[in-house]
Amino acid sequence: DCYLCSIVHSGFAFPDWAYKPESSPGSRQIQLWHFILELLQKEEYQGVIAWQGDYGEFVIKDPDEVARLWGLRKCKPHMNYDKLSRALRYYYNKRILHKTKGKRFTYKFNFSKVVLINYPILDMANSPFFLAQNHFNGGSAAPDCSPEVRLQIQYM
DNA sequence: TACGGAACTC
DNA sequence: GAGTTCCGTA
């Protein structure tokens with residue numbers, strides 16, 4: 001881990017506010033991208049789904065298993081990767097996710113969008129802080145941080 | 001494998 | 001609104 005990552009890991013936990021399910025009051029049901037982040041957060045699923053490559057990029061290493069777990073959560077015993085991936089594709093227009101072309105089973109989160117969904121008042125796109133953070137991301141201060149660590153740093 | 005329309009459900 | 005199911009297309 002890089003220096004900043006180790007500080008963040010030792011001092012703070014990743015804030016739930018970045019993706020808490022309660023913040024979508026309209027639909028009580030768990031959202032797929034919440035579920036994906038949930039799996040990504042737990043080390044026991046690293047053989048199934050894991051952060052890999054660019055910031056926000058993750059690979060579904062075992063599509064059948066991810067689909068099975070998702071089906072379990074939603075009580076949809078006939079869930080499969082074909083159906084799950086259709087749901088992921090609906091996130092493209094919403095700008096929550098996009099596909100990493102050429103890389104099999106690889107998608108990428110748009111984290112500024114993910115935070116905006118839960119905390120629209122932050123309106124990062126129009127804040128000077130967002131611009132400063134962009135500059136920060138361009139630098140080499142935190143080259144090896146996972147997206148959640150990067151998010152954490154943005155709000156330190 | 002990956003995409004996106006269409007009908008359907010909750 | 002957020003998927004689920006099914007399917008034609010590349």
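In the text below, chain A, chain B and the rest are named by the order of the sequence lines, each starting its count at 1. Below, each value reflects all heavy atoms present in this structure, side chains not excepted, and no hydrogens, waters or symmetry copies.
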- Query: Would you say a side-chain N or O of A:Y92 is under 4.0 Å from OP1 or OP2 of B:dC3?
  - Reply: yes
- Interatomic distance, A:K61 atom NZ to A:Q46 atom CD [nearest 0.5 angstrom]: 6.5 Å
- A:E57 side chain near A:T106 side chain, heavy-atom distance below 4.5 Å: yes
- How close or far is atom P of B:dG4 from atom NZ of A:K99, stated in whole angstroms? 12 Å
- Query: Rounded to the Å, how far apart are A:L97 CG and C:dA2 P?
  - Reply: 14 Å
Tabulated below should be each protein N or O lying under 3.5 Å from an N or O of nucleotides 3-7 of chain C; please produce it.
residue: C:dG3; atom: OP1; partner: A:L32; partner atom: N; Å: 2.8
residue: C:dG3; atom: OP2; partner: A:Y91; partner atom: OH; Å: 2.4
residue: C:dG3; atom: O3'; partner: A:K74; partner atom: NZ; Å: 3.2
residue: C:dT4; atom: OP1; partner: A:W70; partner atom: NE1; Å: 3.3
residue: C:dT4; atom: OP1; partner: A:K74; partner atom: NZ; Å: 3.0
residue: C:dT4; atom: OP2; partner: A:W70; partner atom: NE1; Å: 2.9
residue: C:dT5; atom: OP2; partner: A:K83; partner atom: NZ; Å: 3.3

- Message: By nearest heavy atom, map A:Y81 and A:N93 onto DNA chain B; which one lands nearer the 5' end?
- Response: A:Y81
- Any side chain to side chain donor-acceptor pair (under 3.5 Å) pairs touching residues 75-84 of chain A, not counting sequence neighbours? A:Y81-A:Y107
- All side chain to side chain donor-acceptor pair (under 3.5 Å) counterparts of A:E65, not counting sequence neighbours: A:R68
- Query: Roughly, in whole Å, what's the span from CG in A:L88 to P in C:dA2?
  - Reply: 14 Å
- Do A:Y45 and A:D62 touch side chain to side chain, with heavy atoms closer than 4.5 Å? no
- Message: Any non-hydrogen side-chain atom of A:F109 less than 4.5 Å from a side-chain atom of A:W33?
- Response: yes
